[in-house]
Amino acid sequence: MPRFALLFTALFLFIAAVSAQAPPPQRPTTATVIPVEAAKQPNPVKATPESLERGKKWWNMDCATCHGKTGDGKGETAVDTKLTIPDFTDPAALKDRTDGELFYIIKNGHQAMPAEGQRIKTEEGWDLVNYVRSLVKTKAPAEQKPQTEQK
Ligand code: HEC
């Protein structure tokens, strides 16, 4: 019998030691939660050709390296560092995002997405939102049916 007791004690100690190694606490990542107020903020900059042109300049300088020139998410840096980036040419990619959310992400970053922060002026941030929205590839003209307006 004492043998069993010893065995049980050993087993108990073993289990105790294993379960004591609790998983390390999750490292907090920056700005993964977008404040509701920021998400609701309307875009004050109209997507005029001028705004898109300004957005494009920043895009090619600061964003295309990861997001790709066309916005397909396959820029050099993204491929090299194996980042998973949504394909902005796909209409589904950003359909659930508000302009306010996109602006917030551009300005503050989001997980692996770096923040533009002070480098861009507020208005330039909205230009970028407009430009990001313009990257969506619509279907071939034949597939595009005029949308029936619903009142
Ligand atoms: C270092 C690579 C990198 C650069 C440079 C970069 N991004 Fe990103 N971006 C990412 C990654 C990775 C994600 C996905 C983040 C996530 O999982 O939340 C992302 C996400 C986004 C999103 C949100 C997409 C979504 O579905 O929520 C927007 C908008 C965006 N980027 C715009 C930009 C703009 C505009 C620039 C240039 C000012 C830029 N990014 C520069 C890597 C980058």
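Remember, it's 1-based here, ligands and their atoms both numbered in the order they're listed. Any value given below was found using the heavy atoms of this structure, including those in side chains, with hydrogens, waters and symmetry copies removed.
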Original post:
For ligand 1, is any non-hydrogen atom under 4.0 Å from Met113's backbone (N, CA, C, O), its side chain (CB onward), both, or neither?
Top reply: both
Subject >> Side-chain touch Asp127/Glu53, heavy atoms, less than 4.5 angstrom >> reply: no
Original post:
What do we get for Thr77 next to ligand 1 when only non-hydrogen atoms under 4.0 Å count, side chain, backbone, both or neither?
Top reply: neither
Original post:
So which bit of Trp58 gets within less than 4.0 Å of ligand 1, heavy atoms only: side chain, backbone, both or neither?
Top reply: neither
Original post:
So which bit of Glu101 gets within less than 4.0 Å of ligand 1, heavy atoms only: side chain, backbone, both or neither?
Top reply: neither
Original post:
Does a side-chain N-to-carboxylate-O contact under 4.0 Å join Arg119 and Asp62?
Top reply: yes
Original post:
Looking only at N/O atoms, are Gln111 and ligand 1 under 3.5 Å apart anywhere?
Top reply: yes
Original post:
Is the shortest distance from a Lys or Arg side-chain nitrogen in Arg54 or Glu123 to a carboxylate oxygen in the other one below 4.0 Å?
Top reply: yes
Original post:
Does a side-chain heavy-atom distance below 4.5 Å link Lys69 with Asn60?
Top reply: yes
Original post:
Near Glu116, which atoms of ligand 1 are under 4.0 Å from a heavy atom of that residue?
Top reply: 38 (C)
Original post:
Considering only the protein, which heavy-atom contact is closest to atom 36 (C) of ligand 1, and what is its distance?
Top reply: Cys63 SG, 2.7 Å
Original post:
What class does the angle between the rings of Phe88 and Trp59 fall in, given that below 30° is parallel, 30 to 60° is tilted and above 60° is perpendicular?
Top reply: tilted
Original post:
Against heavy atoms of Leu128, which atoms of ligand 1 measure under 4.0 Å?
Top reply: 35 (C), 38 (C)
Subject >> SG-CD distance between Cys63 and Glu116, expressed to the nearest 0.5 angstrom >> reply: 6.0 Å
Original post:
With atoms numbered from 1 as shown, which atoms in ligand 1 lie under 4.0 angstrom from a non-hydrogen atom of Arg97?
Top reply: 25 (C), 26 (O), 27 (O)
**OP:** Could you check Thr65 against Thr77 for side chain to side chain donor-acceptor pair (under 3.5 Å), going step by step and ending with a plain yes or no?
**Re:** CA-CA 6 Å; Thr65 173; Thr77 306; 2.3 Å; yes
Subject >> Reported NE2-to-CD distance for the pair His110 and Glu101, which is rounded to 0.5 angstrom >> reply: 8.5 Å
**OP:** Identify, by atom number and element, the atoms of ligand 1 in contact range of Leu102, meaning under 4.0 Å from any of its heavy atoms.
**Re:** 29 (C)
Subject >> Enumerated ligand 1 atoms positioned under 4.0 Å from heavy atoms of Leu94 >> reply: 24 (C), 25 (C), 26 (O)
Subject >> Arg133 vs Asp99, salt bridge (Lys or Arg N to Asp or Glu O under 4.0 Å): CA-CA, chis, key distance, verdict >> reply: CA-CA 9 Å; Arg133 291 275 188 219; Asp99 279 9; 2.8 Å; yes
Subject >> Asn130 side, atom CG; Lys56 side, atom NZ - distance, nearest 0.5 Å >> reply: 14.5 Å
Subject >> atom 42 (C) of ligand 1: nearest protein contact (heavy atom, Å) >> reply: Ile85 CD1, 3.5 Å
Subject >> Minimum non-hydrogen distance to atom 4 (C) of ligand 1, winning option of Gly71, Cys66, Gly55 >> reply: Cys66
Original post:
Heavy atoms, side chains only, cut-off 4.5 Å: are Thr122 and Phe103 in contact?
Top reply: yes
Original post:
Where on Pro114 is there a heavy atom closer than 4.0 Å to ligand 1, on the side chain, on the backbone, on both, or on neither?
Top reply: side chain
Subject >> Test side-chain contact (heavy atoms from CB on, under 4.5 Å) applied to Gln41 and Tyr104, step by step >> reply: CA-CA 10 Å; Gln41 203 185 344; Tyr104 188 87; over 6 Å; no
Original post:
With backbone taken as N, CA, C and O and side chain as the heavy atoms from C-beta onward, which portion of His110 lies under 4.0 Å from ligand 1: side chain, backbone, both, or neither?
Top reply: both
Subject >> Sub-4.0 Å heavy-atom contact, Phe88 with ligand 1 >> reply: yes
**OP:** Check each atom of ligand 1 against the heavy atoms of Ile106 and keep those under 4.0 Å away; list them by number with element.
**Re:** 32 (C), 35 (C)
**OP:** Ignoring angles and geometry beyond distance, decide whether Trp59 reaches within less than 3.5 Å of ligand 1 through its nitrogen or oxygen atoms.
**Re:** no
Original post:
Among all protein non-hydrogen atoms, which one is nearest to atom 5 (C) of ligand 1, and what is the separation to 0.1 Å?
Top reply: Asp62 O, 3.2 Å
